[in-house]
Amino acid sequence: MLSEPRSGRLAAWGNALLAGLVSPDDAVLAMVGDDAVHRVEGLPGESGPVGLTLAMGRLRSLGVTGLRVALPAPGHPLGLSGPPEFNARALEAEEAVVGFGAPYGLVPEVYEAGPDGDVHVEVVWHCLPVREAPPADVPSLGEAERELAEALREATEVLSRLDVAASGPVAEAALDAYRARAERGRELLAPGYPPRAVRVLELAQRVGLLISLAYENGHGGAVSASEMAARVQALRPVERTARRAQVAAYNSSVEERERGGR
């Protein structure tokens, strides 16, 4: 949960592109990020995989006016609306993009290629039909911000109580990477998103960082099986809150547009 989901990048910059706020070249560059290449297959009217620029144009012509994010986990279909086939693929990938305005969604499949020391990542987005219905369990930005503030306090208290210290070389490297990313222009979202969405996403990433450090730092002072189980039980709802907030932030531009059209 620490790293930015690919679905978040694609939806955020796809929304900016659909709204005419960025050029196709800038949008695709941001969508791809550090990956080598992204393609989309299964698009209606296309016989094979196509690049992101053509794919975004095709989705627009099919009626897609916005993109939402789904970050599902077992027992929590966050951001999904069906049908079961799409939900199952999204759950396997742990993320998806759901079109707004037309019933199409995208699920990523990630490949690594190249020799050791020169591995690059390629992503194929599978276009599938989705059900036009409200996404599951997505809070408003205001709700997400309030829940996150409490979640951050809970996470800090749990880590302190169970002696899972955010220290050591691995934790320090993760913290340094987070700070460096936060200082690089702080462009967490694409143009067109409200400032509150940026604030919520940044806070969600901070909570996600704490959770990741807790899981990656071994068992800390939780030496018994019951203490380890207690830690997992305590952190799971905090992780769930952070995922919900991420989805709320990424989806906020579509939600604002939808409210404005009512």
Does [X] reach the side chain of [Y], with side-chain heavy atoms less than 4.5 Å apart?
{"X": "L18", "Y": "R60", "answer": "yes"}
{"X": "P72", "Y": "N87", "answer": "no"}
{"X": "R58", "Y": "V40", "answer": "no"}
{"X": "W13", "Y": "V28", "answer": "no"}
{"X": "P77", "Y": "L91", "answer": "no"}
{"X": "L10", "Y": "L52", "answer": "yes"}
{"X": "L43", "Y": "L59", "answer": "yes"}
{"X": "Q246", "Y": "L201", "answer": "yes"}

So which heavy atom on [X] is nearest to which on [Y], and how close?
{"X": "A16", "Y": "A190", "answer": "CB-CB, 3.8 Å"}
{"X": "V200", "Y": "A249", "answer": "CG1-CB, 4.3 Å"}
{"X": "C127", "Y": "P44", "answer": "SG-CD, 4.3 Å"}
{"X": "A204", "Y": "L148", "answer": "N-CD1, 3.7 Å"}
{"X": "H76", "Y": "D137", "answer": "NE2-OD2, 2.6 Å"}
{"X": "G79", "Y": "V98", "answer": "O-CG2, 4.1 Å"}

Do [X] and [Y] land in one hydrophobic cluster if side-chain heavy atoms of ILVMFWY residues count as linked below 4.5 Å?
{"X": "V107", "Y": "Y104", "value": "no"}
{"X": "F86", "Y": "V123", "value": "no"}
{"X": "L128", "Y": "V130", "value": "yes"}
{"X": "V124", "Y": "V32", "value": "no"}
{"X": "V110", "Y": "V50", "value": "yes"}

Counting distance only, does the side-chain N/O of [X] pair as donor-acceptor with the main-chain N or O of [Y] below 3.5 Å?
{"X": "T65", "Y": "F100", "answer": "yes"}
{"X": "R243", "Y": "L71", "answer": "yes"}
{"X": "S7", "Y": "V97", "answer": "no"}
{"X": "R244", "Y": "L78", "answer": "no"}

For the atom pair [atom1] ([X]) and [atom2] ([Y]), what is the distance rounded to the nearest 0.5 Å?
{"X": "E145", "Y": "R199", "atom1": "CD", "atom2": "CZ", "result": "4.5 Å"}
{"X": "L189", "Y": "S252", "atom1": "CG", "atom2": "OG", "result": "6.5 Å"}
{"X": "L21", "Y": "D26", "atom1": "CG", "atom2": "CG", "result": "12.0 Å"}
{"X": "L54", "Y": "E46", "atom1": "CG", "atom2": "CD", "result": "5.0 Å"}
{"X": "S140", "Y": "R146", "atom1": "OG", "atom2": "CZ", "result": "6.0 Å"}
{"X": "R39", "Y": "Y111", "atom1": "CZ", "atom2": "OH", "result": "11.0 Å"}

Go through the side-chain N and O atoms of [X] and [Y] and say whether any donor and acceptor fall under 3.5 Å apart.
{"X": "E112", "Y": "H120", "result": "no"}
{"X": "H38", "Y": "R6", "result": "no"}
{"X": "Y193", "Y": "N15", "result": "yes"}

Is it true that atom [atom1] of [X] has more than 12 heavy atoms of other residues, nucleotides or ligands lying nearer than 6.0 Å?
{"X": "E143", "atom1": "CD", "result": "yes"}
{"X": "E109", "atom1": "CD", "result": "yes"}
{"X": "E122", "atom1": "CD", "result": "yes"}

Problem - Audit row: V138, N251, side chain to side chain contact (heavy atoms under 4.5 Å, CB included) steps and yes/no - result: CA-CA 9 Å; V138 179; N251 293 6; 4.3 Å; yes
Exercise for the section: Any chance you could lay out the side chain to side chain contact (heavy atoms under 4.5 Å, CB included) test for L106 and L67, step after step, and finish with the verdict? Expected result: CA-CA 10 Å; L106 303 170; L67 300 169; 5.5 Å; no
Practice task
Give the intermediate values and the outcome of salt bridge (charged side-chain N to carboxylate O under 4.0 Å, His left out) for residues E239 and R236.
Solution key: CA-CA 5 Å; E239 183 178 20; R236 186 173 291 128; over 6 Å; no
